[in-house]
Student: 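Mind looking over this structure? Questions follow.
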Amino acid sequence: MQDSFIERAGDWAEVPRRIRAGLRLPEPWESRFGALSRTSTTRCLVVGQLGQSLDGRIATPSGHSQYINGSEGLAHLHRLRAVVDAVVVGAGTVRADDPQLTVRHVEGPSPARIVIDPNGSLPATARAFVDDGIRRLVILREDAPSPAEGVEAIRLPEVDGVFAPSAILDALAARGLRRVLIEGGAKTLSYFLSTGCLDRLHVVVAPVILGSGIPGLALPPIDHMSEALRVPMHAHSLGDKVLFDCDLSGQAAEQLGKPGA
Ligand SMILES: NC(=O)c1ccc[n+]([C@@H]2O[C@H](COP(=O)([O-])OP(=O)(O)OC[C@H]3O[C@@H](n4cnc5c(N)ncnc54)[C@H](OP(=O)(O)O)[C@@H]3O)[C@@H](O)[C@H]2O)c1
């Protein structure tokens, strides 16, 4: 049967719904987001994102990162948010940026907001926790104080001082959140990557050089290039930025060892 929507190349409006229905997308969206429509009923499908400079930094030394990727990068990030059930950030990102984590620059629904805040140290006034009708969850240690009213608590045990990313994903899947965006920052994303918990990684590189600052990823050190993680990848042009869509689905967890610092 003919699918007229597929003929309307460039039309974004229906994409978030079609991804959730597992339907094919018009270009350029099928190439960029089609892999995110293939979920399973038993586990999460997880995409990480990094907006970085040519020299691999996601923020200046002071933590300033808004907006390293300009309007095209921001629109891409909001498209990612619009097609997932949940967006995850670490406490460091909330401290540095106080992000809203909503979809504002493109059409589409805002995802549930998940903040990993082991000690419950973030203020209830953080914008990620604001009651705007969107589901909000915080991942806490078992003995951390309770979150603000309306924010759901997920309490997890720590392993070597951190939550296992797989346990975070299991907890989200158990709550019906199966398509997950790990938005950052560096530590949070590195934990998920180093434990083999990412299916895809979207890296948007902007033509800017910072020369210093926070690197996008910090993994356990390797000695030899043969130990480097090489991934199947497709590059897409986003104006003067480049999106590298990396396929990590074949990555074995044990290949990279334990989480980095
Ligand atoms: N350019 C981009 O794409 C982008 C995107 C997002 C953020 N950023 C930038 O990244 C910087 C923040 O990155 P960051 O690496 O410092 O911090 P982060 O990754 O945002 O947060 C790290 C913190 O989150 C908690 N956490 C995360 N995963 C955990 C786990 N598995 N187990 C236990 N705790 C966990 C810990 O909180 P505690 O510290 O409370 O222990 C940890 O120190 C900011 O400058 C922000 O602007 C850039």
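No hydrogens, no waters, no symmetry mates; every other heavy atom, side chains included, goes into these values. Remember, it's 1-based here, ligands and their atoms both numbered in the order they're listed.
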Student: For atom 32 (N) of ligand 1, find the nearest protein heavy atom and state the residue, atom name and distance (0.1 Å precision).
Tutor: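 The protein heavy atom lying closest is Phe163 N, 2.9 Å.
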Student: For the CZ atom of Arg178 and the CG atom of Leu172, what is their distance to the nearest 0.5 Å?
Tutor: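 Rounded to the nearest 0.5 Å, the CZ-CG separation comes to 10.5 Å.
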Student: Provide, to 0.1 Å, the distance between atom 26 (N) of ligand 1 and the closest protein heavy atom, together with that atom's residue and name.
Tutor: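 Scanning the protein heavy atoms, the shortest distance from atom 26 (N) of ligand 1 goes to Ile116 CG2, 3.6 Å.
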Student: Where's the contact between Arg95 and ligand 1, heavy-atom distance under 4.0 Å: side chain, backbone, both or neither?
Tutor: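 It is the side chain that gets close, since no backbone atom is under 4.0 Å.
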Student: Below 4.0 angstrom from a heavy atom of Glu183, which ligand 1 atoms are there? Numbered from 1 as shown, please.
Tutor: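 With Glu183 as reference, the close atoms of ligand 1 come out as 5 (C), 6 (C).
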Student: Do the side chain of Arg18 and the main chain of Leu23 share a donor and acceptor less than 3.5 angstrom apart?
Tutor: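 Between the backbone of Leu23 and the side chain of Arg18 there is no qualifying donor-acceptor contact (under 3.5 Å).
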Student: To the closest 0.5 Å, what do you measure between CZ (Arg32) and CG (Leu238)?
Tutor: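 Arg32 CZ to Leu238 CG: 5.0 Å, rounded to 0.5 Å.
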Student: Could you find the nearest protein heavy atom to atom 27 (C) of ligand 1 and give me its residue, atom name and distance?
Tutor: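 Its nearest protein heavy-atom neighbour is Thr188 OG1, 3.2 Å.
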Student: Students should be able to answer this: which protein heavy-atom is nearest to atom 14 (P) of ligand 1, and at what distance?
Tutor: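 Of the protein heavy atoms, Ala186 N, 4.0 Å lies nearest.
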Student: Between Tyr191 and ligand 1, which residue portion shows a heavy-atom distance shorter than 4.0 Å: side chain, backbone, both, or neither?
Tutor: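 Only the side chain of Tyr191 comes within reach of ligand 1.
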Student: For atom 45 (O) of ligand 1, what is the nearest protein heavy atom, given as residue, atom name and distance?
Tutor: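 Answer, as residue, atom name and distance: Gly63 O, 2.8 Å.
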Student: Give me the residue, atom name and distance of the protein heavy atom closest to atom 42 (C) of ligand 1.
Tutor: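 So the nearest neighbour among protein heavy atoms is Lys187 CD, 4.4 Å.
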Student: State whether the shortest distance between N or O atoms of Gly185 and N or O atoms of ligand 1 falls below 3.5 angstrom.
Tutor: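 Yes; at least one N/O pair falls below 3.5 Å.
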Student: Based purely on interatomic distance, does Gly161 place a nitrogen or oxygen under 3.5 Å from a nitrogen or oxygen of ligand 1?
Tutor: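 Between Gly161 and ligand 1 (N or O atoms, distance only) the closest approach is not under 3.5 Å.
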Student: Please enumerate all residues that pass side-chain contact (heavy atoms from CB on, under 4.5 Å) together with Ala148, with sequence neighbours excluded.
Tutor: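 Checked Ala148 against side-chain contact (heavy atoms from CB on, under 4.5 Å); matches are Ala124, Val151.
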Student: Which of the numbered atoms in ligand 1 are under 4.0 angstrom from any heavy atom belonging to Ala59?
Tutor: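 Those of ligand 1 that fall under 4.0 Å from Ala59 are 45 (O).
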Student: Say you draw a straight line from CD1 of Ile114 to CG of Leu137; how long is it, rounded to the nearest 0.5 Å?
Tutor: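 Answer for the CD1-CG pair, Ile114 versus Leu137, is 4.0 Å.
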Student: Using 0.5 Å steps for rounding, measure from the CG atom of Leu198 to the CG atom of Leu181.
Tutor: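 It comes to 10.0 Å.
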Student: Quick one: look up the protein heavy atom nearest atom 11 (C) of ligand 1 and list residue, atom name and how far away it is.
Tutor: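 It is Ile214 CD1, 4.0 Å.
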Student: Is Pro165 close enough to touch ligand 1? Criterion: a residue heavy atom under 4.0 Å from a ligand atom.
Tutor: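 Pro165 does not count as a contact of ligand 1 under the 4.0 Å cut-off.
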Student: Counting only heavy atoms closer than 4.0 Å, does ligand 1 sit against the backbone of Ala96, its side chain, both, or neither?
Tutor: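 Under 4.0 Å from ligand 1, Ala96 contributes side-chain atoms alone.
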Student: Is the closest heavy-atom distance from Val89 to ligand 1 below 4.0 Å?
Tutor: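 No heavy atom of Val89 comes that close to ligand 1.
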Student: Taking N or O atoms only and a 3.5 Å limit, does Thr93 qualify as a polar contact for ligand 1?
Tutor: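 Thr93 vs ligand 1: N/O contact under 3.5 Å present.
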Student: Among all protein non-hydrogen atoms, which one is nearest to atom 24 (O) of ligand 1, and what is the separation to 0.1 Å?
Tutor: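 Looking at atom 24 (O) of ligand 1, the protein heavy atom closest to it is Ala91 N, 3.0 Å.
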Student: Between the side chains of Arg127 and Thr102, is a donor N or O closer than 3.5 angstrom to an acceptor N or O?
Tutor: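 The answer is no; no qualifying pair exists.
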Student: Counting both backbone and side chain atoms, is some N or O of Gly92 under 3.5 Å from an N or O of ligand 1?
Tutor: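 Looking only at distances, the answer is yes, because the N/O contact criterion of under 3.5 Å is met.
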Student: Would you please name every residue forming a ring pair (Phe, Tyr, Trp, His ring centres under 6.0 Å) with His105, sequence neighbours left out?
Tutor: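 For His105, the residues satisfying ring pair (Phe, Tyr, Trp, His ring centres under 6.0 Å) (neighbours in sequence not counted) are His78.
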Student: Please work out which of the three classes, parallel, tilted or perpendicular, describes the rings of Phe33 and His76, given edges at 30° and 60°.
Tutor: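 Answer is parallel, since the angle falls under 30°.
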Student: Below the 3.5 angstrom mark, is there an N/O of Gln49, backbone or side chain, next to an N/O of ligand 1?
Tutor: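 Looking only at distances, the answer is yes, because the N/O contact criterion of under 3.5 Å is met.
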Student: Would you say ligand 1 has an N or O under 3.5 Å from any N or O of His64?
Tutor: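 Such a contact does not occur with ligand 1.
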Student: For ligand 1, which is the ligand I care about here, please tell me if Ile58 has any N or O atom under 3.5 Å from one of the ligand's N or O atoms.
Tutor: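 Among all N and O atoms of Ile58, at least one is under 3.5 Å from an N or O of ligand 1.
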Student: Kindly confirm or rule out an N or O of Asp117 lying under 3.5 angstrom from an N or O of ligand 1.
Tutor: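 Between Asp117 and ligand 1, no N or O pair is found under 3.5 Å apart.
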Student: Within a distance of under 4.0 Å, is there any protein heavy atom near atom 3 (O) of ligand 1?
Tutor: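 Under the 4.0 Å cut-off, atom 3 (O) of ligand 1 does have protein heavy-atom neighbours.
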